[in-house]
Amino acid sequence: MTSSAAPRRASGATPLLGIGQVLARLQPEFPDLTPSKLRFLEEQGLVTPARTSAGYRKFSPADVERITVVLSMQRDHYLPLKVIRTHLEAIDAGETPALPGATSATTFLAASRRYRRDELIARAGATPALLDDAVSAALLPAAEHHGEESLRVLTALVALRDVGIEPRHLRSLRAAAEREAALIEGALAPSRRTDPAAAARTAERARELATHLDAVHESVLRVALASRAR
């Protein structure tokens, strides 16, 4: 007999998952995922789980896939949630948005794979020495597996090395990033609270501020290059 607490679904349909089951499935890939983060994603309109008559959230396989897409875009592209939401809404509307270039959740997940060290080197056309130099310069993490962000960085380092720019020449970029991170942290300090929901909002606000700093940095660099070309 079907429990009155269960959300309605067609007979024989794939069972829906509770928050604990979703966490068990996704935390190996996303260890920072928490119940509060799942609730925050719902609050931001990125996932809409079903509700039981008692108010418990129940997630479909499509919900879990969508959550995976969102978390992958945050981890591998460091995009703020409002950008991710706009991107997913465009996909839902049948459009083909340019960023990050996926036409469906499945396509995006395939593009957001994790690379072993040897795979990363081969895909970027790099050498083990270049990867080691990038890690030493704190431009890439010393990790066993890498995502799309690491692939983009290592590919860029290959192109830069071709013109004589080595990872050691770029150590100042890491130092500048640390200073900018400190600026953001200082700006958000008055709004910091200890509850998980507020912490999730603060982290999201930090991502938004990072995109603004990126825009300023790009503009300043372009102006500097233009002035040298005169």
Side-chain angles (χ1 to χ4, degrees), residues 30 32-34 36-47 66-93 95-102 105 108 111-112 134 137-141 143 146-157 159-160 165 167 169-229:
F30 306 100
D32 294 334
L33 183 62
T34 63
S36 295
K37 180 63 177 287
L38 284 177
R39 288 191 286 269
F40 181 65
L41 294 180
E42 180 184 6
E43 177 186 308
Q44 296 298 306
L46 287 154
V47 63
R66 194 174 183 89
I67 293 167
T68 306
V69 170
V70 171
L71 297 177
S72 296
M73 292 177 79
Q74 281 191 316
R75 180 192 64 196
D76 298 333
H77 301 274
Y78 207 71
L79 296 174
L81 289 182
K82 65 180 182 181
V83 173
I84 296 174
R85 182 172 56 246
T86 299
H87 179 79
L88 293 180
E89 287 173 351
I91 291 175
D92 291 340
E95 301 174 13
T96 307
L99 179 68
F108 178 75
S112 295
L139 301 175
L140 286 175
H146 297 264
E148 292 294 318
E149 183 69 17
S150 291
L151 177 58
R152 284 196 299 275
V153 171
L154 189 57
T155 301
L157 291 174
L160 291 170
I165 300 176
H169 299 144
L170 304 176
R171 290 181 184 274
S172 60
L173 294 182
R174 181 67 183 185
E178 294 291 348
R179 290 194 296 271
E180 291 174 355
L183 282 176
I184 293 176
E185 184 177 14
L188 296 178
S191 63
R192 288 189 179 277
R193 292 164 55 189
T194 57
D195 59 287
R201 294 188 185 92
T202 299
E204 176 56 25
R205 181 59 176 153
R207 285 190 176 89
E208 292 178 359
L209 293 177
T211 61
H212 296 318
L213 283 176
D214 283 344
V216 174
H217 180 269
E218 181 180 359
S219 175
V220 170
L221 180 58
R222 289 182 183 279
V223 170
L225 288 173
S227 65
R228 288 174 180 271

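Excluded from the calculations below are hydrogen atoms, water molecules and symmetry mates; all remaining heavy atoms, backbone and side chain alike, are included. The chain is numbered in sequence order, starting from 1.
Within the 4.5 Å cutoff, the side chain of V70 has no heavy atoms near those of the V47 side chain. Residues V69 and I84 fail the side-chain proximity criterion, which asks for heavy atoms closer than 4.5 Å.
Between Q44 and R85, the shortest heavy-atom distance links the atoms O-NH1, 2.8 Å. Of all non-hydrogen atoms in S150 and P141, the two that sit nearest each other are OG-CD, 4.1 Å.
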I would like to know whether L160 and L170 meet side-chain contact (heavy atoms from CB on, under 4.5 Å); could you show each step before the answer? CA-CA 10 Å; L160 291 170; L170 304 176; 3.9 Å; yes
Mind running side-chain contact (heavy atoms from CB on, under 4.5 Å) on L71 and D32 for me, showing each step along the way? CA-CA 10 Å; L71 297 177; D32 294 334; over 6 Å; no
Run the side-chain contact (heavy atoms from CB on, under 4.5 Å) test on L209 and L188 for me, step by step, so that the C-alpha distance in whole Å, both residues' side-chain angles and the decisive distance to 0.1 Å come before the verdict. CA-CA 10 Å; L209 293 177; L188 296 178; 4.0 Å; yes
Please lay out, stage by stage, how L81 and F40 fare under the test side-chain contact (heavy atoms from CB on, under 4.5 Å). CA-CA 10 Å; L81 289 182; F40 181 65; 3.4 Å; yes
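Taking the charged nitrogens against the carboxylate oxygens, E42 and R39 have no contact shorter than 4.0 Å, which rules out a salt bridge. Remark: E218 engages R222 in a salt bridge, criterion side-chain N to carboxylate O under 4.0 Å.
With sequence neighbours excluded, the residues that form a side chain to side chain donor-acceptor pair (under 3.5 Å) with E178 are R174. Shown here are the side chain to side chain donor-acceptor pair (under 3.5 Å) partners of D92, two or more places apart in sequence or in another chain: R66.
A distance-only check finds no donor-acceptor pair linking the side chain of S219 to the backbone of A215 [under 3.5 Å].
For the atom pair NE2 of H87 and CE of M73, the computed distance is 4.5 Å after rounding to the nearest 0.5 Å. Here the straight-line distance linking atom CG of L173 with atom NE2 of H217 works out to 6.0 Å at 0.5 Å rounding. In this structure, the separation between CG on L38 and CG on L46 is 11.5 Å, given to the nearest 0.5 Å. If you take OG1 on T86 and NZ on K82, they are separated by 8.5 Å, rounding to the nearest 0.5 Å.
By the 6.0 Å contact criterion, NE2 on H169 is enclosed, its count of non-hydrogen atoms from other residues, nucleotides or ligands being greater than 12.
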